[in-house]
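Atom set for the values below is all heavy atoms of this structure, side chains included, hydrogens, waters and symmetry mates excluded. This structure is a prediction, so every number in the text was calculated from the model and none was measured. Counting convention: from 1, in listed order, for ligands and their atoms alike.
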Amino acid sequence: MVTTHEEIVKDVAKLKRRPNLESWARLRESWSWDDVTRELDLPGGMYNLGHECIDRHANGANANKPAMIWQSAGGALETYTYAQMKAESNRFANALRQLGVQKADRVFFFSDRIPELYFGVFGTLKAGAIVAPLFSAFGPEPVKERIQRAEGSVIVTTPKLLPKVNAIRKELKSLKHVIVIAHREGGKVADGDLDFKQLTEAASTDFDVVKTGPEDWSVMHFTSGTTGLPKGAAHVHNAVIGHYATGRYVLDLHPDDIYWCTADPGWVTGTSYGMFAPFSNGVTSVIDEGGFGAKRWYEVIQRHKVQVWYTAPTAIRLLMKAGAKLPREHDLSSLRYVMSVGEPLNPEGVVWGLEAFDLPIHDNWWQTETGAIMIANYPSMPIRPGSMGRPFPGIDAAIIDDQGREIAEPMVEGVLAVKPGWPSMFRTYWNDKERYDSRFQNGWYITGDKAKRDGDGYFWFVGRDDDVINTAGHLVSPFEVESCLIEHEAVAEAGVIGKPDPTAMEIVKAFVTLNDGYSPSEELRRQLIRHCRERLGAGTAPREIEIIERLPKTRSGKIMRRLLKARELGLPEGDTSTLEED
Ligand code: PRX
């Protein structure tokens, strides 16, 4: 490996494994989505994520291969083969059918990472219903908002999280069934709720997968925008082609790999790359229930001999803080390939991988809406630290100007855009076609990110082109936080921004003005933080709140978050011609 500051060049012949993608340029030239599709099993034209990920392997030579090695927070292990995953997901699919769940009904999952979550997700897909994951750290408000928006009829949850559902249950008119995975925590299931274990144990392990076509709905992930509450980005079963292909060529999955994705399945990386890409490629996945801990994580790699590891910049920065000595004290020799996604990975992070694991960290880029990786670094391609890499072979990406015209000149900043038509592209925002349509311009899908492209086609992230906050790789809608704040009796108005943070990239910071009769105090500030934490959950609630006299607004009364941010950072205020006069 030759390392200069600008480029990490790999000696491909010396890599631990011959990469599936031997030459980015050659594969790009000969790329055909149809060729990839032929590698899948689409009986009678049926496209079903559940079938592709689980049954296809369970019905063949991989039946007794471990699909999932689950490690509990306490360190206990449970292993499930593809055949067992098929049986368990079939039971859940039968249970849903008995409950009257129909094709395209929305089934929500609000659970920590436990095996039943995985059985439930694949069972739901096989039953033809839509999987709608929720982040387990959400408070009751985001749960309510999302279920209402998607008119969810079922929620699968755990005793620990159930109180958050119960707090808003009366307002969830569409919700018919609450399924509680009680047996792991030993809780009792209340009258009216359904017990996951009882329900599935009574169900058959045989199930005829619902004949979904490529354009039938599969998964819905909620994501944040500048205005309004989060939207349900809806995906179709056709997306499996993208999961499989990127699993093969970006994740470089080989049949006997042990793979670990650290993302939570409440977010899209945890489904697309914690479930669909590894399972559609038939590898063994480690699922770790526990949270982050530098030592814990190295122990997971060592214990399970993880070869391919997909993680995130915030985690890498925390690992860097813990030092490069710690990984050296573990046997991490199984590791072959490390990737990161979700936020910009600074060049120091890429290079630190060399120091800690003798492996550079490969950054890649995508979004909830794109469903799968769009731009990536590959095992066989030189890395330019700080760059997200080059477009996936079947993907056309570009930098465009505000008219939607491609900017050909290298290193000119513009909006990152992708040519529509890739298999895993979202097909709508649920019940919001107008907003969906607004994401396309001049034949391009507009990502909402700003970027640059160098002369060799490497893309460089610049920043977001909107007000969405990225905190530890999770997107937060400022509007969602502002709405929560103004519900508090003391708050008149609120403006929320992302404040740069050395570890989490951004933290949520709120500025509020008070109603008459309230005056600023430390006690009130703390009360407001508590108010948001209880309703939104710790990851979405503001970390900092500043009580101010007046919020900058346009003459039409819109709060100027951009100005709040510029003031916070001590930056020039830019164009303030629309600012409301005193
Ligand atoms: O702003 C980009 C940032 O995360 C956004 C997508 O977030 P989400 O829809 O939650 O999808 C998560 C799955 C990756 C992007 O619009 N982002 C993602 N990857 C990178 C990134 N920013 C910089 N570099 C990346 N590699």
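- Counting protein heavy atoms only, atom 25 (C) of ligand 1 is closest to Glu343 O, 3.3 Å.
- Salt bridge status for Arg567 with Glu573: present, with a side-chain N to carboxylate O gap under 4.0 Å.
- A cation-pi geometry, defined here as NZ or CZ lying under 6.0 Å from the six-membered ring centre and within 45° of its normal, holds between Arg384 and Tyr458.
- Here the heavy atom of the protein found nearest to atom 6 (C) of ligand 1 is Trp366 O, 3.6 Å.
- Across every non-hydrogen atom of Glu369 and His235, the tightest pair is O-CE1, 3.6 Å.
- Closest to atom 23 (C) of ligand 1 among all protein heavy atoms lies Pro344 N, 3.2 Å.
- With ring centers used as reference points, Phe292 lies under 6.0 Å from Trp297.
- When heavy-atom distances to ligand 1 are checked against a 4.0 Å cut-off, Leu345 has no atom that comes that close, whether in backbone or side chain.
- Annotation: atom 17 (N) of ligand 1 to nearest protein heavy atom, Gly342 O, 3.3 Å.
- Of the protein's non-hydrogen atoms, Asp449 OD1, 2.9 Å is the one closest to atom 1 (O) of ligand 1.
- Those atoms of ligand 1 with a heavy atom of Val341 less than 4.0 angstrom away are 14 (C), 19 (N).
- Between Asp363 and ligand 1, an N or O atom pair is found at a separation short of 3.5 Å.
- At a 4.0 Å heavy-atom cut-off, ligand 1 touches Thr368 through backbone and side chain alike.
- Note on ring orientation: taking the six-membered ring where Trp is involved, the planes of Phe392 and Tyr378 are tilted (angle from 30° to 60°).
- Between Trp31 and Trp24, the distance from one ring center to the other does not fall under 6.0 angstrom.
- Of the listed residues (Val462, Leu475, Val268, Thr223), the one carrying the non-hydrogen atom nearest atom 7 (O) of ligand 1 is Leu475.
- If you look at Phe357 and Trp309, their ring centroids are closer than 6.0 Å.
- More than 12 heavy atoms of other residues, nucleotides or ligands sit less than 6.0 Å from atom NZ of Lys16.
- Neither the backbone nor the side chain of His474 comes within contact range of ligand 1; no heavy atom lies under 4.0 Å.
- The part of Phe461 lying near ligand 1 is the side chain, judged by heavy-atom distances below 4.0 Å.
- Listed by number with element, the atoms of ligand 1 under 4.0 angstrom from any heavy atom of Asn364 are 19 (N), 25 (C), 26 (N).
- Atoms of ligand 1 found under 4.0 Å from any heavy atom of Asn470 (numbered from 1 in listed order, with element): 3 (C), 4 (O).
- Residue contact check: Arg464 has heavy atoms under 4.0 Å from atoms 1 (O), 5 (C), 15 (C), 16 (O) of ligand 1.
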